[in-house]
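Report on the structure given below.
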Amino acid sequence: MIFKKTEGADPGERALWGDLMSLGFSFPLCIVLGFFLGRWIGGWFGHPSVGQWVGLVWGIAAAFWELYKVNRRMAKRDAAELEKLKDGKGPHE
């Protein structure tokens, strides 16, 4: 992503920062919640240690899925910005 220093922030740039900040919040939250919810649900079935490992794997998978979605959105924004630059339009137009 090409960062621009301007007075008024571009809504696309604000969305980018929002995506990046949400990753910093959701990545550890998915992992921790997966671990403890897996342990709790595993306790219902009498195997909390198995449940915690299954929950941990589930939480890690959910965290990386969120990372993939953010990466896909960022790549789409970059492609649109590169198309603008190829068309001869400046980054502020």
Side-chain angles (χ1 to χ4, degrees):
M1 180 79 195
I2 300 170
F3 293 104
K4 305 172 228 44
K5 287 211 173 232
T6 61
E7 291 297 318
D10 179 30
E13 190 173 348
R14 287 179 191 230
L16 169 69
W17 284 106
D19 281 344
L20 293 176
M21 287 191 304
S22 73
L23 261 184
F25 179 72
S26 66
F27 208 87
L29 187 67
C30 286
I31 294 171
V32 169
L33 280 177
F35 178 83
F36 286 111
L37 286 175
R39 184 168 177 84
W40 182 54
I41 292 171
W44 285 355
F45 297 107
H47 300 287
S49 62
V50 173
Q52 79 185 15
W53 289 109
V54 171
L56 181 66
V57 169
W58 190 267
I60 290 171
F64 276 100
W65 176 250
E66 185 64 27
L67 177 66
Y68 170 74
K69 291 189 311 183
V70 168
N71 185 29
R72 200 171 60 195
R73 281 192 301 263
M74 288 174 62
K76 197 180 293 185
R77 280 191 205 119
D78 283 346
E81 191 167 330
L82 283 175
E83 281 299 316
K84 279 184 185 179
L85 290 174
K86 283 181 186 177
D87 291 340
K89 297 179 182 174
H92 299 293
E93 296 175 13

Subject >> Partner set under side chain to side chain contact (heavy atoms under 4.5 Å, CB included) for I41, not counting sequence neighbours >> reply: F45
**OP:** Output all residues satisfying side chain to side chain contact (heavy atoms under 4.5 Å, CB included) with A62, sequence neighbours left out; order by chain, then residue number.
**Re:** C30
Side-chain heavy atoms nearer than 4.5 Å, only ILVMFWY residues, links allowed to pass through others: does that put [X] and [Y] together?
| X | Y | value |
| --- | --- | --- |
| W53 | F35 | yes |
| I31 | V57 | no |
| L23 | L33 | no |
| V70 | F64 | yes |

**OP:** Using a strict cut-off of less than 4.0 Å between a Lys/Arg side-chain nitrogen and an Asp/Glu carboxylate oxygen, indicate whether K84 and E81 qualify as a salt bridge.
**Re:** no
Original post:
For D19, what residues pass the side-chain hydrogen bond (donor to acceptor under 3.5 Å, both in side chains) criterion, not counting sequence neighbours?
Top reply: R73, R77
**OP:** Could you work out the complete set of other residues in the hydrophobic cluster of W65, with links drawn between I, L, V, M, F, W and Y side chains under 4.5 Å apart?
**Re:** Y68
Subject >> side chain to side chain donor-acceptor pair (under 3.5 Å) contacts touching residues 21-49 (sequence neighbours left out) >> reply: R39-Q52
Original post:
Counting only heavy atoms not in F36, do more than 12 fall under 6.0 Å of its CZ?
Top reply: no
Original post:
So which pairs with a foot in residues 44-64 pass salt bridge (Lys or Arg N to Asp or Glu O under 4.0 Å), sequence neighbours left out?
Top reply: none
